[in-house]
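Indexing begins at 1, ligand by ligand and atom by atom, following the structure's order.
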Amino acid sequence: MSSKFSKAYKQAHELSLKDPEAFWGEAAKSLHWTKPWEQVLDVSQSPHGRWFVGGELNTCYNALDRHVEDGRAEQVALIYDSPVTGNRVVKLSYRELRDLTARFAGVLASRGVGKGDRVLIYMPMIPETVIAMLACARIGAIHSVVFGGFAANELAVRIDDAKPNVIVTASCGIEINRVIPYMPLLNDGIGIAVFKPTTVIIVQREQCIAQLTNDRELDWSEAMSSAKPADCVPVKATDPLYILYTSGTTGLPKGVVRDNGGHAVALNWSMSTIYGMEAGDVYWAASDVGWVVGHSYIVYGPLLKGCTTILYEGKPVGTPDAGAFWRVIADHGVKALFTAPTAFRAIKKEDPDGKLMQDYDLSKFETLFLAGERTDPDTLAWAERQLKVPVIDHWWQTETGWSIAANHMGYGLLPVKPGSPTMPAPGWDLQVLDSQGNSMPAGEVGALCTKLPMAPGSLLTLWNAHERFIESYMAEFPGYYKTADAGYIDEDGYVFVMSRTDDIINVAGHRLSTGAMEEVLASHADVAECAVIGVADQLKGQLPVGFLVLKAGVERPEQDIVADVVKLVRDKIGPVAAFKQAVVVQRLPKTRSGKILRGTMQKIADNEEYRLPATIDDPAILGEIDTALQRLGLSKSR
Ligand code: COA
Ligand code: AMP
């Protein structure tokens, strides 16, 4: 480890914990505040912390107008690159993006949207999505973006929780070459929801024109043509910027609420310190705006920093081939790419020797960042070998909004340890705790928790569910934020994130709740009991597998019932759940108190060592589970 560089990291990390006010107060100076803060950090009301209390700013102003006024008006702010629409490329300068955003903010304002009102955005990866998000920020409204791969039912749950008077959508999304009309999904979602929006604004895409059928529907272009631009409205640093729903342990998603001030400060700071980016650089997060990575690093982070951001409507493979990422990097002079390891596994599978890379000039490309799931050492080694640039694994969550652990470009890179996202980022006092809340020795696995307060940019609360917020994150280990990840810190201080401690699984970098899937399976008329586990998968990291115990007397063929439940999960949760495998069993393994032993089932499926739980009711059932997994071709133990 280079001592000079490790010293820079160490000093920054120590200062951030010893004197957070000085550390983050300094970082906040790079932004424009309409009213200075009175206190950098306030822990008096909530121990997890409120940042920049008393201060006022506007996130959209800082992401757009500030750069226009500071001489970046003609710099490209956003490049929309869309192989799924015949390689369409649209470039918007900071001035153009600001003007379109101001105009759409005017559209929203004309429909009665103001400070604190919620706007739901159900849209594909098109520029209007970014414009809609920033327009909300401009007038102090709270956006809630819903990922396009969710079904109507999930939309309905979010509509009822966020109660948005306005929904912004598009006529369709495009999955490689499949056009997915959004209006039927949206109308079903609105139909199921108890709360009804008053306005739906629709971007018409030529691949599928939606018929506007009622008074609440408004065509985006028409509305824009007559709109008056709206100005930025100052909001409190602690006012919500957005709600982003993420999987919890039940079918009811958690509405993560992000503030304006701490969020802008942390993201702006992270762009240079973690990602090594400066204003004018081209940054690409190949994710989706529906996920936190998209919020933080397609939209807010790069624009706050004055970078050019890329909005890519395509996949790593199939649009048209496994050279797609290299084509985008070369075409737009990308300096840093951020994606999920699963994307690299998909590329590696199709082009194991990286032959397609040779067709492109990657000379401007400097760093690859991976997150969303653990970067497995094979994928890390392959990416390093092919790209010959640093490959950086970093660990974070929807809740934190940015890294808990990373290798920081701005402090000089520390040596990489495969399987580790390196060291805790400034602001995070990361500890490994046992079930009693005691610190674990180096190298021993426990609950990864961070000492309160949380770093700026972390969630403020859960929307409409402050008690759930406290209960989910702060109750089990008083004085700490529970990440719900298990792992260890080694003797050099490197963090290793091994698994979740709850029922969340990670499928192709997407966070999904097995509990939510179980709720859907249990609703099937033939199912008496069920369990869903995540089984290791070479491409997607994990895949969900369902176990069904049927009601007495059910005699329908297994394959029909399995087909039913697969369709049910797709219809109720959405295709993104990637739920395609289920099997009928006679019984489920349980403890004597009736708790299903999902962890043990998963270990059998993944051929991992496991200890027979002392409280198991009937160990013979584990053999039956193994046999069922073998029928699916999943168990390796024989
Ligand atoms: N709208 C509608 N459907 C969607 C969707 C969207 N926005 N996104 C995904 N889906 C569908 C897919 O078409 C697929 O449907 P299918 O079952 O009919 O094939 C299903 O949801 C599962 O999607 P996914 O798990 O993404 O699988 P995939 O085979 O389409 O692609 C990868 C696999 C690895 C190429 C892709 O997941 C990927 O690029 N992931 C890495 C990047 C990323 O998004 N990371 C997120 C956090 S950083
Ligand atoms: P999400 O909220 O969708 O971003 O998912 C967060 C979860 O993904 C974390 O709690 C981890 O379980 C997992 N995760 C994200 N990044 C990493 C990483 N770099 N290493 C290990 N796990 C990760």
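Between Asp378 and Lys348 there is no salt bridge, since none of the side-chain N atoms of the basic residue sits less than 4.0 Å from a carboxylate O of the acidic one. With respect to the salt-bridge test (charged N to carboxylate O, under 4.0 angstrom), the residues Arg205 and Glu313 qualify.
For Gly149, the heavy-atom gap to ligand 1 drops under 4.0 angstrom. Assignment of Met125 to the shell around ligand 1 is not supported, since no heavy atom sits closer than 4.0 Å. At least one heavy atom of Phe147 lies less than 4.0 angstrom from ligand 1.
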Leu155 and Leu120: CA distance, side-chain angles, deciding distance, side chain to side chain contact (heavy atoms under 4.5 Å, CB included) verdict
CA-CA 9 Å; Leu155 256 170; Leu120 189 138; 3.9 Å; yes
One pair to check against salt bridge (Lys or Arg N to Asp or Glu O under 4.0 Å): Arg511 and Glu399. What are the steps and the verdict?
CA-CA 12 Å; Arg511 170 170 160 176; Glu399 287 84 345; 2.9 Å; yes
Starting from the C-alpha separation in whole Å, work towards a yes-or-no answer on salt bridge (Lys or Arg N to Asp or Glu O under 4.0 Å) for Glu206 and Arg88.
CA-CA 13 Å; Glu206 63 183 38; Arg88 225 180 130 220; over 6 Å; no
Show your working on side chain to side chain contact (heavy atoms under 4.5 Å, CB included) between Ile573 and Glu154 and close with a plain yes or no.
CA-CA 6 Å; Ile573 297 179; Glu154 291 288 325; 3.8 Å; yes
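Within 6.0 Å of the CD atom in Gln538, the count of heavy atoms belonging to other residues, nucleotides or ligands does not exceed 12.
Here the two rings, on Phe325 and Trp284, have centers that are under 6.0 Å apart. Taking the six-membered ring for Trp, His394 and Tyr275 have ring centres closer than 6.0 Å.
By heavy-atom distance, the residue among Arg178, Glu175, Arg345, Lys580 lying nearest atom 15 (O) of ligand 1 is Arg178. Among Leu185, Ile174, Thr342, Asn506, the residue whose heavy atom sits closest to atom 34 (C) of ligand 1 is Thr342.
Remark: the backbone N or O of Pro456 is paired with a side-chain donor or acceptor of Trp402 at under 3.5 angstrom.
Closest to atom 18 (O) of ligand 1 among all protein heavy atoms lies Arg570 NH2, 2.8 Å. For atom 22 (C) of ligand 1, the closest heavy atom belonging to the protein is Pro575 O, 3.6 Å. With hydrogens left out, the protein atom closest to atom 26 (O) of ligand 1 is His510 CE1, 3.4 Å, a heavy atom. Summary of contacts: the protein heavy atom closest to atom 45 (N) of ligand 1 is Ala340 CB, 3.7 Å. The nearest protein atom to atom 42 (C) of ligand 1, hydrogens excluded, is given as Ala286 O, 3.8 Å; this is a heavy-atom distance.
Residue Lys540 has at least one nitrogen or oxygen atom sitting less than 3.5 Å from a nitrogen or oxygen atom of ligand 1, judged on distance alone. Where the criterion is an N or O separation shorter than 3.5 Å, residue side chain and backbone included, Lys315 meets it with respect to ligand 1. Close N/O approach between Thr339 and ligand 1 is not found [any backbone or side-chain N/O within under 3.5 Å].
There is a protein heavy atom less than 4.0 angstrom from atom 6 (C) of ligand 1. Atom 32 (C) of ligand 1 is never approached by the protein to below 4.0 angstrom, counting heavy atoms only.
Within ligand 1, the atoms closer than 4.0 Å to a non-hydrogen atom of Val293 are 48 (S), numbered from 1 in the order shown. Counting the atoms of ligand 1 from 1 in the order shown, those under 4.0 Å from a heavy atom of Gly509 are 46 (C), 47 (C). With ligand atoms numbered from 1 in the order given, ligand 1 contributes 21 (O) to contacts under 4.0 Å with heavy atoms of Val576. In the vicinity of Pro316, heavy-atom distances shorter than 4.0 Å reach the ligand 1 atoms 35 (C), 39 (O). The distance from ligand 1 to the heavy atoms of Ile180 drops below 4.0 Å at these ligand atoms: 2 (C), 3 (N). Taking a cut-off of under 4.0 Å to the non-hydrogen atoms of Ala508, the atoms of ligand 1 that pass are 25 (O), 37 (O), 40 (N).
Taking the six-membered ring for Trp and thresholds of 30 and 60 degrees, Tyr481 and Trp428 have ring planes inclined between 30 and 60 degrees apart. Between His143 and Tyr300, the ring planes lie parallel to each other; the angle is under 30°, not in the 30° to 60° tilted range. Note: Phe147 and Trp291 have tilted aromatic rings, judged against thresholds of 30 and 60 degrees for the angle between ring planes.
In this structure, the ring pair (Phe, Tyr, Trp, His ring centres under 6.0 Å) partners of Phe469, at least two apart in sequence or on a different chain, are His48, His466, Tyr473. Listed by chain and number, the residues in a salt bridge (charged side-chain N to carboxylate O under 4.0 Å, His left out) with Lys567 are Asp571 (sequence neighbours excluded). In terms of the side-chain contact (heavy atoms from CB on, under 4.5 Å) criterion, residue partners of Asp81 (sequence neighbours excluded) are, by chain and number, Pro83, Val89, Tyr312, Arg327, Val328, His332.
Listed by chain and number, Val292, Gly372, Glu373, Arg374, Asp393, His394, Trp395, Trp396, Gln397, Thr398, Asp485, Val497, Arg500, Asn506, Arg511 each place a non-hydrogen atom less than 4.0 angstrom from ligand 2.
Between the side chains of Thr514 and Arg598, no donor-acceptor pair of N or O atoms lies under 3.5 Å.
Residue Met123 does not touch ligand 1, judged by heavy-atom distances below 4.0 Å.
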